[in-house]
Amino acid sequence: MHVDIADFTVLATALGVIVREMGRNMERTARGPLYSFGHDFATSLVTKDGELLALGEYIPVLCGATPFAARAVAGFFQGDVHEGDVYLVNDPFSMDAGNQLADWCIVCPAFYHGKHVMWLANKAHQQDTGGGLPGGYNPGALDIWAEGLRIPPLRLMDRGRWCSDALDLVLANVRNPELQRGDLLSMIGAARTGERRLQSLYAAHGAHTLELFQADLLEYGEQRMRQEVAGLPDGTYHGELSGGRGSALIACDLIVAGEELTVDLSGSGGQVPLYINSPIANTTSCVHMALLTAIGRHIEYRSGGCFRPVSIVTRPGTIVHAAAPATQGNCTNFCAKQIIEVVWDALAKAAPHLAPAGWGSINYWVFSGHDPRRNTGYSSPDFQACSSGAGAVWGVDGWSANGPSICSGTLHYPEVEVAETLYPIVWERWQYATDSGGPGRWRGGLGVDNIWVADSGSEPVYLAYAAEPYGYPVAPAVAGGSLPKSNTKTLCFSDGTFENEREARAKLFYKLRSGDRVLDYTQGGAGVGDPLERDRRAVVDDVRDELVSLESARDAYGVVIAPLTLKIDEEATAALRAMRRRGRGGSRRGWSQPASVNSTVVTEGGKGLRLTVGEVGTA
């Protein structure tokens with residue numbers, strides 16, 4: 001280490017404070033609710049060479065994509081970067097700069113005493129991106145041009161002066177230009193705040209110390225990740241996910257070799273027609289997030305150094321390495337979720353005590369239209385329908401109504417009363433859905449029942465189907481845990497007719513009128529461990545809180561509870577659990593202590609090595 005430990009700790013903490021202040025700045029100054037309520041952005045500091053130094057994990061899946069934007073800007077404007085410059089980029093297929101069109105990235109160089117020392121990169125979801133539908137989610141898009149405006153590295157400010165022609169061109173291609181002008185100013189203002197804080201840090205500690213510290217921080221991340229990888233048993237561990245008709249296989253071979261880790265996704269299938277194809281920036285960010293939330297969860301200062309021991313293998317033209325002009329507008333939800341979870345699925349076979357169980361799939365629409373109350377347009381995801389449950393982890397139940405795995409608990413929902421002021425919609429129900437969490441020794445978090453009705457006067461409410469379109473299952477259910485029930489959608493129209501999940505998935509678009517009702521069931525997370533080993537008192541508590549029904553307590557957990565007193569029938573419970581274990585050939589032993597997991601592997605043709613005990617299953 002080049003700087004002493006005290007300086008290292010102070011400086012590492014300071015960088016974390018800077019990226020969080022940048023995020024707070026965006027939250028407080030943005031015009032749109034995506035930032036102020038949803039926190040749908042990420043802030044970061046990146047080295048001049050394009051390695052991540054510090055990340056504000058507001059939406060974690062965005063963090064690993066910001067270095068791609070910084071590297072693209074650096075490469076495109078090589079030798080032409082000046083103090084006061086501001087750059088904008090979103091295109092996934094221009095120098096691999098973006099993760100999806102809806103996530104615009106502001107990139108600014110940080111200077112100290114006339115020398116370029118770092119990049120600041122803020123990536124944020126936009127209210128609109130142009131394209132065929134408001135809101136940036138177009139499930140009917142044929143190619144990327146139908147999804148929105150493609151922005152290769154573009155200079156918005158030159159030495160502190162606006163490039164008005166570039167800015168006007170961008171804003172002329174979105175539906176809410178004044179709103180998005182305000183959001184862009186929020187992103188730029190946050191970067192300017194970060195630059196001022198960095199300059200203060202350089203003034204206090206000196207440029208030489210900060211240069212040495214950057215190397216130390218990256219080295220720290222690398223060594224800590226190597227320690228975590230070295231704790232895994234060597235071998236190749238396979239995970240895969242398949243959806244319904246028209247989907248592509250998403251496959252992962254996780255190869256552990258000492259301190260090195262290879263995540264091989266090259267066995268995944270080709271690109272699909274609907275808009276979930278993942279560009280390489282998004283896939284890389286997903287893999288990094290999957291590892292940091294599992295084996296890297298105890299690394300205190302996270303940086304690009306953590307990814308130096310990790311190699312990612314893909315094939316261009318596949319669903320996990322999309323090539324132009326593939327549609328990709330929803331890829332940061334799907335197949336981002338599936339990439340994260342297929343890595344967890346493979347990891348669960350190497351170290352089940354480290355792998356999170358799969359999270360519920362968000363079951364949302366994007367609604368848009370004209371609000372007659374405020375005489376203004378609107379477009380937004382239905383964040384209330386994004387309240388899926390988290391998967392359990394070893395020793396802890398999953399969080400309930402926690403949002404998608406790509407957010408890892410960071411997504412904020414607007415209060416229902418606030419949402420009703422923003423959109424011509426009235427919510428009738430938004431509550432935990434009983435029995436929606438996957439059973440396990442540690443139960444998955446609960447999802448929600450989300451019911452709302454259009455209240456838009458003579459104006460229509462336009463809906464675009466934004467839930468996962470191919471029916472990929474939740475994964476993994478770790479160490480004998482169970483998967484949650486599938487999502488459902490129902491539309492009940494004011495004329496008495498209705499349409500179900502299958503019809504909604506086929507139709508994709510709707511034009512609602514006042515009185516039309518939307519009913520979404522958003523699933524919970526998967527469980528970890530044998531449900532028959534769950535503490536009986538925990539089952540009773542869940543029944544009392546209406547998280548688990550009496551029937552599920554009996555059928556899934558083998559606990560017989562008196563309906564009126566909520567007391568356990570100990571004799572009946574013991575007999576039922578014993579019968580269940582006998583019926584499946586004994587209890588699922590070997591999971592109670594992580595250290596006792598048998599890590600023996602077997603080989604089939606040199607690929608797909610698997611643990612001989614503890615295969616993923618359902619109760």
Side-chain angles (χ1 to χ4, degrees), residues 25-41 59 62 86 88-91 98 100-106 122-141 144-151 154 156 162-190 275 329-330 332 364-383 386 412 414 418-425 454-457 459-464 466 509 511-512:
N25 189 301
M26 288 181 61
E27 177 186 345
R28 293 171 179 171
T29 61
R31 291 282 306 278
L34 288 179
Y35 304 171
S36 55
F37 293 123
H39 297 166
D40 197 348
F41 57 81
I59 298 293
L62 304 183
V86 174
L88 174 66
V89 66
N90 79 337
D91 187 14
Q100 66 161 352
L101 289 186
D103 290 329
W104 293 6
C105 194
I106 288 291
N122 295 340
K123 182 176 284 288
H125 196 103
Q126 302 302 302
Q127 298 287 321
D128 186 65
T129 57
L133 284 181
Y137 292 98
N138 185 359
I144 190 173
W145 292 284
E147 296 185 293
L149 178 66
R150 296 176 64 181
I151 308 172
L154 176 71
L156 285 186
W162 282 108
C163 302
S164 298
D165 51 355
L167 179 64
D168 290 348
L169 176 66
V170 170
L171 294 179
N173 282 277
V174 297
R175 292 174 173 85
N176 301 302
E178 287 307 308
L179 184 70
Q180 287 189 229
R181 181 191 298 269
D183 286 348
L184 275 176
L185 290 174
S186 171
M187 296 171 71
I188 295 169
Y275 61 162
N330 206 3
T332 53
Y364 71 115
W365 303 89
V366 173
F367 40 65
S368 61
H370 182 81
D371 188 345
R373 304 168 304 173
R374 299 184 296 145
N375 193 31
T376 186
Y378 64 91
S379 61
S380 176
D382 177 8
F383 281 108
C386 294
H412 288 223
V418 173
E420 289 175 341
T421 67
L422 294 172
Y423 316 115
I425 287 169
D455 186 27
S456 53
E459 295 286 344
V461 174
Y462 295 98
L463 286 186
F509 303 105
K511 183 178 179 180
L512 302 186

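Hydrogens, waters and symmetry mates are skipped; everything else that's a heavy atom, side chains included, is used.
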Check [X] against [Y] and note the closest heavy-atom contact, atom names and distance.
{"X": "Y364", "Y": "A466", "value": "CE2-O, 3.1 Å"}
{"X": "T421", "Y": "R373", "value": "O-NH2, 3.4 Å"}
{"X": "I59", "Y": "H39", "value": "CG1-O, 3.1 Å"}
{"X": "R31", "Y": "D183", "value": "N-OD1, 2.9 Å"}
{"X": "E459", "Y": "P372", "value": "CG-CD, 4.1 Å"}

Do the side chain of [X] and the main chain of [Y] share a donor and acceptor less than 3.5 angstrom apart?
{"X": "E147", "Y": "G329", "value": "yes"}
{"X": "Q100", "Y": "G98", "value": "no"}
{"X": "T29", "Y": "N25", "value": "yes"}

Original post:
Mind checking what makes salt bridge (Lys or Arg N to Asp or Glu O under 4.0 Å) contact with D128, not counting sequence neighbours?
Top reply: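 Testing D128 for salt bridge (Lys or Arg N to Asp or Glu O under 4.0 Å), a comparison that skips the adjacent residues, returns R175.
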
**OP:** Identify, with sequence neighbours excluded, every residue that meets salt bridge (Lys or Arg N to Asp or Glu O under 4.0 Å) alongside R181.
**Re:**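 Salt bridge (Lys or Arg N to Asp or Glu O under 4.0 Å) list for R181, sorted by chain: E178.
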
Roughly how far, to the nearest 0.5 Å, is the [atom2] atom of [Y] from the [atom1] atom of [X]?
{"X": "D371", "Y": "S456", "atom1": "CG", "atom2": "OG", "value": "8.5 Å"}
{"X": "L171", "Y": "L179", "atom1": "CG", "atom2": "CG", "value": "10.5 Å"}
{"X": "N122", "Y": "M26", "atom1": "CG", "atom2": "CE", "value": "5.5 Å"}
{"X": "Q180", "Y": "L185", "atom1": "CD", "atom2": "CG", "value": "12.0 Å"}
{"X": "E420", "Y": "D455", "atom1": "CD", "atom2": "CG", "value": "9.0 Å"}

Applying ring pair (Phe, Tyr, Trp, His ring centres under 6.0 Å), name anything that partners [X], two or more places apart in sequence or on another chain.
{"X": "W365", "value": "Y465, Y510"}
{"X": "H370", "value": "none"}
{"X": "Y275", "value": "none"}

Original post:
Using a distance-only test with no angle check, is there a side-chain donor-acceptor pair under 3.5 angstrom linking S380 and Y423?
Top reply: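 Yes - a donor-acceptor pair under 3.5 Å links their side chains.
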
Can you check whether [X] reaches [Y] side chain to side chain, under 4.5 Å on heavy atoms?
{"X": "V366", "Y": "Y462", "result": "no"}
{"X": "Y378", "Y": "V461", "result": "yes"}
{"X": "T129", "Y": "L149", "result": "no"}
{"X": "N138", "Y": "F509", "result": "yes"}
{"X": "E27", "Y": "Y35", "result": "no"}
{"X": "N176", "Y": "S379", "result": "yes"}
{"X": "I106", "Y": "V86", "result": "yes"}
{"X": "N90", "Y": "D103", "result": "no"}

Original post:
What do the steps show when you test D382 against F367 for side-chain contact (heavy atoms from CB on, under 4.5 Å), and what is the final call?
Top reply: CA-CA 7 Å; D382 177 8; F367 40 65; 3.5 Å; yes

**OP:** Evaluate the criterion side-chain contact (heavy atoms from CB on, under 4.5 Å) for residue pair W145 and R150; output intermediate values, then yes/no.
**Re:** CA-CA 7 Å; W145 292 284; R150 296 176 64 181; 3.1 Å; yes

**OP:** Give the C-alpha distance, both sets of side-chain angles, the deciding distance and a yes or no for side-chain contact (heavy atoms from CB on, under 4.5 Å) between L154 and L156.
**Re:** CA-CA 6 Å; L154 176 71; L156 285 186; 4.2 Å; yes

In residues 162-170, what donor-acceptor pairs under 3.5 Å come from side-chain atoms, sequence neighbours left out?
none

Original post:
Taking the inter-plane angle between the rings of Y137 and H125 on a 0 to 90° scale, is it parallel (under 30°), tilted (30 to 60°) or perpendicular (over 60°)?
Top reply: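 The rings of Y137 and H125 lie parallel, inter-plane angle below 30°.
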
**OP:** Flag yes if more than 12 heavy atoms outside R28 fall under 6.0 Å of its CZ atom; otherwise flag no.
**Re:**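 No, not enclosed.
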
